[in-house]
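First the proteins, then the strands, lettered A, B, ... as listed; each starts at 1. Basis for what follows: all heavy atoms, side chains included, without hydrogens, waters or symmetry-related copies. Just so we're clear, the structure is a prediction, and the values are computed from it rather than from any experiment.
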Protein chains: 2
Amino acid sequence: MTEEIRTRRKRGSITRAEIVDAALRLMDGEGESALTFSRLGAELKSSPTAVYRHFTSRDELLEALADHLDGISLAGYVPTDDWRADLTDLAWRAWHTAEAHPAAAALTLLTVANSINELRAVEWILRAMAVAGLRGRAAVVQYQVYAQTVLGAASAYGARLASARTREVADGWIQVYAPTDPSQYPHAEAAKADLAMINYREVFAQQLEMYLSALELTVTRTG
Amino acid sequence: MTEEIRTRRKRGSITRAEIVDAALRLMDGEGESALTFSRLGAELKSSPTAVYRHFTSRDELLEALADHLDGISLAGYVPTDDWRADLTDLAWRAWHTAEAHPAAAALTLLTVANSINELRAVEWILRAMAVAGLRGRAAVVQYQVYAQTVLGAASAYGARLASARTREVADGWIQVYAPTDPSQYPHAEAAKADLAMINYREVFAQQLEMYLSALELTVTRTG
DNA sequence: ACCTGAACACCGTTCAAGT
DNA sequence: ACCTGAACACCGTTCAAGT
């Protein structure tokens, strides 16, 4: 039993950025369930309710967290004149962010944040589409297809890592399917060993390559 | 003020299927926040704790819900010898399930359920890959790419519909981006009108078509 | 894998009062 | 968009007792 000693925090000493950092640290360490006002207060060495001076609700905090993850992904990114290299770079940045912050990525990557770093991402992706030769509606549709492909895969990866971490299962590998009556599922049964050995990074690499090839085909057919 | 009258439910009169149906009805009507033991009890005309005789936790109920959604998607599906038609059919079935049950789809579609209907889906998709000419590891990787593409898009769609429903925003259209300094984001600024008019069904159709074309190319190159 | 009501530890949020 | 502690309505889960 240690005595809880806490000196009153000075007026204005808590910032939104500090709160978002604390929230991310909690989720990285112990998953989504660790993100409570009580735990945040302890992490910030303040009262749990102090967070309400900076965010009106838990949802608003999550929106800020989504923007923060976008910011992490984009940090240091510099566009080039090679659209395919740029879209590959941006995709792996999202993937690595999900890998570093799985619980937060699973929770926020699929929601539209309408925030500043999301806008920066939109700008860079649309720029790459323009370099590829796409304009107007076609460029916007491809932005959506690209974003859906990358963010869907990254957040699924985050969800798998987060649930694996809480269930103490090995990372990156799918669980084995164990049908009660294998003869009813011949293809799944035959693929059992390969299903048990899937590496998600390789699947993402394949998915990205297929999308970019299809995009290149679309572009050359149009241009 | 109406008097709450509830007769004791008979032993064995509550089934897992009935509970899952009630859970889905609650989420369809009022979103994820409506899925509480208290609301479930009211829906089942039973004690909230009766659910614990059939599921050991809320998480286990969600796993059963995930399986139920897979079952809804597959209902009436009959495979053919046209792999491209089959993969298109299965993809739109997932999409329409997300459209009919957005909150439940957003919550469960991205998690691995390891359940019977998920196994049925794996079997049908691997069968289509086999018809396309893929075997072994290559078939399993393509199963993963396909599933990630379709489920990522469907659950993102569900999440958007669910948040639009709770926020009373029009369905199927993206919110307008409103940058504070438009000149910093020239491509996003120029695409503003098109971004505001995106139809997600069309984006999904495009994404699916691009994946299937890329798959066809892979297959013909290999075979 | 029977159904119920009371109880427990917790959670997000509000608000009057302190600096 | 200041920080705190008490309070409120709720939530998932447990458990002894009823059928």
Side-chain angles (χ1 to χ4, degrees), chain A residues 1 3-23 26-27 30-65 67-68 103 107-108 115-116 163 166 180, chain B residues 1 3-23 26-27 30-65 67-68 103 107-108 115-116 163 166 180:
Chain A
M1 278 293 178
E3 268 301 281
E4 294 278 336
I5 295 168
R6 197 177 81 217
T7 56
R8 190 186 178 92
R9 292 206 51 161
K10 265 177 279 180
R11 204 183 167 86
S13 68
I14 302 175
T15 64
R16 281 177 66 105
E18 187 187 357
I19 295 171
V20 170
D21 278 341
L26 282 169
M27 296 187 77
E30 297 169 57
E32 192 200 335
S33 65
L35 184 63
T36 69
F37 281 83
S38 157
R39 295 292 305 273
L40 265 179
E43 194 76 11
L44 295 164
K45 294 184 170 56
S46 78
S47 158
T49 61
V51 176
Y52 280 98
R53 293 316 118 212
H54 303 268
F55 298 96
T56 62
S57 68
R58 188 178 192 268
D59 268 2
E60 201 189 292
L61 172 54
L62 285 178
E63 278 177 39
L65 187 58
D67 184 62
H68 187 56
L107 203 59
T108 67
S115 67
I116 184 66
S163 91
T166 53
T180 43
Chain B
M1 279 289 177
E3 266 303 282
E4 294 278 337
I5 294 169
R6 198 177 82 216
T7 55
R8 190 186 178 94
R9 291 205 51 160
K10 267 177 280 181
R11 204 183 167 88
S13 69
I14 303 175
T15 64
R16 281 175 67 105
E18 187 187 357
I19 295 171
V20 170
D21 277 343
L26 283 168
M27 295 186 78
E30 297 168 59
E32 191 200 334
S33 65
L35 185 63
T36 70
F37 282 82
S38 155
R39 295 293 305 273
L40 264 180
E43 195 75 11
L44 295 165
K45 294 185 172 50
S46 78
S47 157
T49 61
V51 176
Y52 279 98
R53 291 317 120 210
H54 303 267
F55 298 96
T56 62
S57 69
R58 187 178 192 267
D59 269 2
E60 202 190 290
L61 171 54
L62 285 179
E63 278 176 39
L65 188 58
D67 183 62
H68 186 56
L107 203 58
T108 69
S115 66
I116 184 67
S163 91
T166 52
T180 42

Side-chain donor/acceptor of A:R16 to backbone N/O of A:A64, under 3.5 Å: no
What's the gap between D:dT19 and C:dA1 when it is taken at their P atoms, as a whole Å value? 24 Å
Can you tell me how far the CZ atom of A:F37 sits from the OG atom of A:S57, to the nearest 0.5 Å? 7.0 Å
Grab the CD1-P distance between A:I19 and D:dA1 for me, whole Å please. 12 Å
Could you give the distance from CZ (A:F55) to CG (A:L65), rounded to the nearest 0.5 Å? 9.0 Å
Pairwise distance CZ(A:R53) to CD1(A:I14) - rounded to 0.5 angstrom: 10.5 Å
Could you give the distance from CE (A:M27) to CZ (A:R39), rounded to the nearest 0.5 Å? 12.0 Å
From CG of A:L40 across to P of D:dT4 the rounded distance in Å is 13 Å
Dot-bracket for DNA chain D, please. Rules: Watson-Crick or G-U, both distances under 3.5 Å, ( ) within the strand, [ ] when a pair crosses earlier ones, | for another strand, . otherwise. .|.|||||...|||||.|.
Looking only at side-chain atoms of A:R16, point me to the closest of D:dA1, D:dT4, C:dT4. D:dA1
5'-most contact on DNA chain C (nearest-nucleotide basis), A:R11 vs B:K10, goes to B:K10
Does D:dC3 have its OP1 or OP2 closer than 4.0 Å to a side-chain nitrogen or oxygen of A:H54? yes
Under 3.5 Å, is there an N or O donor on one side and an acceptor on the other linking the side chain of B:R9 and the base of C:dC3? no
Between the CG atom in B:D67 and the OG1 atom in B:T108, the distance rounded to the nearest 0.5 Å is 10.0 Å
Smallest separation among heavy atoms of A:L44 and A:R9, with atom names: O-NH1, 2.7 Å
Kindly indicate whether the side chain of A:R58, heavy atoms from C-beta on, has any atom under 4.5 Å from the side chain of A:V51. no
Please state the P separation for the pair D:dC11 and C:dC3 - nearest whole angstrom. 22 Å
Could you run through nucleotides 6-14 of chain D and give me one letter per nucleotide, 5' to 3': B if any protein heavy atom sits under 4.0 Å from the base, S if only the sugar-phosphate is that close, - if neither? B----SSBB
Which distance, rounded to the nearest 0.5 Å, do you find between the OG1 of B:T56 and the CG of B:L61? 10.0 Å
